[in-house]
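Working notes, beginning with the structure itself.
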There are 2 protein chains.
Amino acid sequence: MSNSKLYKGSLNTIILKLLNEHDKMYGYEITQKVKALTKGELKITEGALYPALHKLEAEGLLDVEVAKVDNRLRKYYKLTETGTKETVTKLEELAEYIKTMQALVNPKLA
Amino acid sequence: MSNSKLYKGSLNTIILKLLNEHDKMYGYEITQKVKALTKGELKITEGALYPALHKLEAEGLLDVEVAKVDNRLRKYYKLTETGTKETVTKLEELAEYIKTMQALVNPKLA
DNA sequence: AATATATACATAATTTTCTTATGTATAAGA
DNA sequence: TCTTATACATAAGAAAATTATGTATATATT
């Protein structure tokens, strides 16, 4: 509903940060976690999430491990060493971006 | 150089906010203002800016006024009434987005 | 005088990154 | 039985950038 549109470019940062905190997670779990943490304000769609996970894996930032739970497939993702480094970078970039936007939007506080 | 990529979707907010503060501005001026305010960290490319201005104008959020200064063309943009309202909305959305991202990225402070 | 940089606009091709729609399949709850 | 939840996936389309060009004038540098 109040699905405040994702600013494009932030999804990877979200994924990496969550994996940095929770060691390993599967896709569906990520969507639920984001929903919970943002009290339903942000909904990660599957059409965005799964391609993003595949890409991060292809780039060597994530490792994947398939498991079967309750006769259903789960793909657990975890950060590689490179992925952990990239997480730091992405978080710095986000913090920088927020600072920059605040400088633009509220120059008096800058 | 350290051209921290624009998070897609934030350019309109930047334009509207600057016009809200400066009454009327022309395109090139906006690129310079952003560069100055962000100490060179954010560079608005012309390929992004001009189409964005044209679109905001087409949507009725901006009015345009052509001027000739030093024998060179300038297109001054200013907010319409609708544009002013939309600026408020966009700024609220940005603040909301920043809060949301901070909840995800730094859940302890949320 | 010639050349480079700054000012000032613009558009086209391409890429990135979403949304929306659709599909498959199993488990649990009404 | 039917709906909702769980769990993956991909394709089509849209949005919004980047990158590459192009035009033209003014100013600064060599």
Distance below 4.0 Å between A:Asn71 side-chain N/O and C:dA25 OP1 or OP2 |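 No.
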
Distance below 4.0 Å between A:Tyr28 side-chain N/O and D:dA5 OP1 or OP2 =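 For D:dA5, neither OP1 nor OP2 has a side-chain N or O of A:Tyr28 closer than 4.0 Å.
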
Rounded to the Å, how far apart are [X] [atom1] and [N] [atom2]?
X: B:Ile44; N: C:dC9; atom1: CD1; atom2: P; result: 14 Å
X: B:Lys43; N: C:dA6; atom1: NZ; atom2: C1'; result: 15 Å
X: B:Tyr26; N: C:dA10; atom1: OH; atom2: P; result: 14 Å
X: A:Lys68; N: D:dT6; atom1: NZ; atom2: C1'; result: 14 Å
X: B:Tyr7; N: C:dC18; atom1: OH; atom2: C1'; result: 14 Å
X: A:Ile30; N: D:dA5; atom1: CD1; atom2: P; result: 20 Å

Given D:dA7, C:dA8, D:dA9, which nucleotide is nearest the side-chain atoms of A:Lys75?
-> D:dA9

Out of C:dA8, D:dA7, D:dT25, whichever nucleotide has its closest atom nearest the side chain of A:Glu46 =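 It is D:dA7.
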
Can a donor-acceptor pair be found between the side chains of B:Tyr97 and B:Ser10 at a distance below 3.5 Å?
-> no

With distance as the sole criterion, do the side chain of A:Lys8 and the base of D:dA15 form a donor-acceptor contact below 3.5 Å?
->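 Such a pair is found, so the answer is yes.
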
For [X], report the nucleic acid contact type (base, sugar-phosphate, nothing); a contact means any heavy atom under 4.0 Å.
X: B:Gly47; answer: base
X: A:Thr31; answer: nothing
X: B:Arg72; answer: base

Quick one: does NZ or CZ of A:Lys75 land under 6.0 Å from the six-membered ring centre of A:Tyr26, within 45 degrees of the ring axis?
-> no

Kindly say whether B:Gly60 contributes a backbone atom to a donor-acceptor pair with the side chain of B:Thr80 at under 3.5 angstrom?
->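 Judged by distance alone, yes, a pair lies under 3.5 Å.
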
Nearest nucleotide by nearest heavy atom, which residue falls closer to the 5' end of DNA chain C, B:Leu73 or A:Asn12?
-> B:Leu73

Determine whether A:Arg72 and A:Lys68 make a side-chain contact, defined as any pair of heavy atoms from C-beta on separated by less than 4.5 Å.
->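 Counting from C-beta outward, A:Arg72 and A:Lys68 never come under 4.5 Å.
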
Pairwise side-chain contact, B:Lys43 with B:Lys35, heavy-atom cut-off 4.5 Å (strictly under) = yes

Only one of B:Thr87, B:Leu79, B:Leu53 clears side-chain contact (heavy atoms from CB on, under 4.5 Å) with B:Ile15; which?
->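 It is B:Leu53; the other options fail the test.
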
Within residues 48-63 of chain B, the residues having a heavy atom closer than 4.0 Å to DNA chain D are B:Ala48, B:Lys55

Which comes earlier along DNA chain D counting from the 5' end, the contact point of A:Asp70 or that of B:Leu11, where each point is its nearest nucleotide?
-> A:Asp70

Please report the shortest heavy-atom distance between A:Met25 and A:Glu29, naming the atom on each side.
->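 Here A:Met25 and A:Glu29 meet closest at CA-OE1, 3.2 Å.
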
